[in-house]
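Worksheet: the structure to be examined is printed underneath.
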Amino acid sequence: MAEEKLNVHLIDHPLIQHKLTLMRQKTTGTKDFRELLEEISMLMAYEITRNFPLKDVEIETPVAKCKGKMLAGKKVGVVPILRAGLGMLGGVVNMIPAARVGHVGLYRDPETLKPVEYYCKLPSDVAERMLIVVDPMLATGGSSSAALTLLKEKGAKSITLMCLVAAPEGIRLVNEEHPDVPIYVAAVDDHLNEKGYIVPGLGDAGDRIFGTL
Ligand SMILES: O=P(O)(O)OC[C@H]1O[C@H](OP(=O)(O)OP(=O)(O)O)[C@H](O)[C@@H]1O
Ligand SMILES: O=c1cc[nH]c(=O)[nH]1
Ligand SMILES: [Mg+2]
């Protein structure tokens with residue numbers, strides 16, 4: 001992938017790599033898996049928001065008046081892709097507590113690997129918000145791409161996609177269908193297997209988060 005010009009950013013902070021390795025291990029149970037995903041999501045949100053614009057404000061401390069900085073610009077919306085995206089929601093909202101939350105429900109048909117939509121509820125001002133779409137797994141890219149298409153149909157203009165583990169196939173598809181959407185990932189894995197699972201990946205994220213294995 002390295003030589004291609006792709007709209008993808010790897011967030012490979014040592015804490016994230018360590019926690020992701022723990023998540024990948026098949027012996028890691030639901031409680032730890034969920035906690036680690038929330039912690040990584042917080043760290044990724046911290047990185048994604050690094051270039052958020054600031055404005056000067058005048059404040060008064062208990063000691064003196066002074067100038068400070070506060071976030072300026074567009075308000076944020078976080079959109080988890082159900083179910084597994086819910087595992088990343090808490091971490092992002094911890095970092096951006098004023099964010100509104102929309103939900104897009106999609107599952108991947110196990111035979112065709114195509115996304116099937118079953119739910120959509122978004123903030124009414126979605127066109128004015130900077131949306132962060134979260135889903136731990138970007139495999140074929142079908143689910144994320146369908147979610148981005150749906151959000152654009154509903155008026156979204158500014159979207160970032162944040163995934164934990166991606167396959168090169170998924171990055172390529174989302175880049176092709178949504179070149180305007182930057183993708184942030186904690187790892188780019190090797191390939192997809194014949195069932196569309198990311199290799200080495202971490203298995204079925206939704207099942208590991210919710211204990212439905
Ligand atoms: O890139 P793709 O090939 O579309 O695969 C990735 C999708 O598959 C998983 O969801 P799943 O269908 O397992 O639903 P779930 O979150 O309800 O478990 C995952 O959370 C993504 O949404
Ligand atoms: O590896 C994969 C691929 C799709 N969905 C998952 O949860 N894991
Ligand atoms: Mg699943």
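Indexing begins at 1, ligand by ligand and atom by atom, following the structure's order. Everything numeric here is computed off the predicted structure, so don't read it as measured data.
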Note, Val133 side chain near Val104 side chain (heavy atom, < 4.5 Å): no
Verdict with supporting geometry, Glu176 and Arg172, salt bridge (Lys or Arg N to Asp or Glu O under 4.0 Å): CA-CA 6 Å; Glu176 255 169 53; Arg172 279 198 200 98; over 6 Å; no
Nearest-contact summary for atom 8 (N) of ligand 2 - protein heavy atom, Å: Gly203 O, 2.8 Å
Salt bridge (Lys or Arg N to Asp or Glu O under 4.0 Å) between Asp125 and Lys74, worked out: CA-CA 11 Å; Asp125 59 352; Lys74 285 187 181 176; over 6 Å; no
Side-chain donor or acceptor of Arg208 paired with backbone N/O of Thr28 under 3.5 Å: yes
Pair Arg108-Thr140, side-chain donor/acceptor within less than 3.5 Å: no
Flag side-chain contact, heavy atom, 4.5 Å: Arg24 against Asp189: yes
Under 3.5 Å: N/O of Gly141 near N/O of ligand 1: yes
Test of proximity, Tyr118 against ligand 1: N or O pairs below 3.5 Å: no
Contact atoms of ligand 2, heavy-atom distance to Ile198 under 4.0 Å: 1 (O), 2 (C)
Close N or O approach (Arg108, ligand 1; < 3.5 Å): yes
Polar contact flag for Ser143 and ligand 1 (N/O pairs, less than 3.5 Å): yes
Closer than 4.0 Å: a protein non-hydrogen atom to atom 4 (O) of ligand 1: yes
Nearest-contact summary for atom 2 (P) of ligand 1 - protein heavy atom, Å: Thr140 OG1, 3.4 Å
Donor-acceptor contact below 3.5 Å, side chain Asp190 vs main chain Val199: no
Close approach of Ala84 to ligand 2, heavy atoms, under 4.0 angstrom: no
Joint cluster assignment, Ile132 & Met88, ILVMFWY side-chain distance < 4.5 Å: yes
Heteroatom proximity flag, Ala84 to ligand 1, N/O under 3.5 Å: yes
Numbering as shown, the atoms of ligand 2 that approach Ala139 to under 4.0 Å (heavy-atom distance): 3 (C), 4 (C)
Worked check of side chain to side chain contact (heavy atoms under 4.5 Å, CB included) between Val181 and Lys152: CA-CA 11 Å; Val181 175; Lys152 288 178 182 176; 4.2 Å; yes
4.5 Å side-chain heavy-atom contact, Val185 and Leu10: yes
Ligand-side contact atoms (ligand 2) for residue partner Gly196, heavy atom cut-off under 4.0 Å: 3 (C)
Whether Leu113 lies under 4.0 Å from ligand 1, heavy atom: no
Ala139-ligand 1 polar pair, N/O distance under 3.5 Å: yes
Ligand 1 contact on Asp204 by region, counting heavy-atom pairs under 4.0 Å: side chain
Asp109 side-chain N/O to Lys114 backbone N/O, donor-acceptor pair under 3.5 Å: no
Plane angle bin for Tyr118 and Tyr107 - parallel if under 30°, tilted between 30 and 60°, otherwise perpendicular: tilted
Protein contact of atom 6 (C) of ligand 1 - nearest heavy atom, named by residue and atom, plus distance: Met137 O, 3.5 Å
Per-atom contacts of ligand 1 with Leu82, taking only distances under 4.0 Å to non-hydrogen atoms: 16 (O)
Contacts of the Mg ion (ligand 3) with protein N/O/S atoms, counting only those under 2.8 Å: Asp204 OD1
Between NZ on residue Lys26 and CG on residue Leu202, distance to nearest 0.5 Å: 14.0 Å
Subset of ligand 1 atoms that lie under 4.0 Å from at least one heavy atom of Gly206: 18 (O)
Nearest neighbour in protein (non-hydrogen) for atom 19 (C) of ligand 1: Asp135 OD1, 3.5 Å
Partner of Ile198 under side-chain contact (heavy atoms from CB on, under 4.5 Å), chosen from Leu138, Val165, Val188: Val165
Salt bridge present between Lys157 and Asp180 (N-O < 4.0 angstrom): no
Taking atom 7 (O) of ligand 2 as the reference point, the nearest protein heavy atom with its distance: Ala205 N, 2.8 Å
Contact with ligand 2 for Arg108, non-hydrogen, under 4.0 angstrom: yes
Polar proximity ligand 1 side, Arg83 side, N/O cut 3.5 Å exclusive: yes
Heavy-atom neighbours of Arg100 CZ exceed 12 at 6.0 Å: no
Heavy atom of the protein closest to atom 2 (C) of ligand 2 (residue, atom name, distance): Tyr197 CD2, 3.4 Å
Residues, nucleotides or ligands: over 12 heavy atoms within 6.0 Å of Tyr46 OH: no
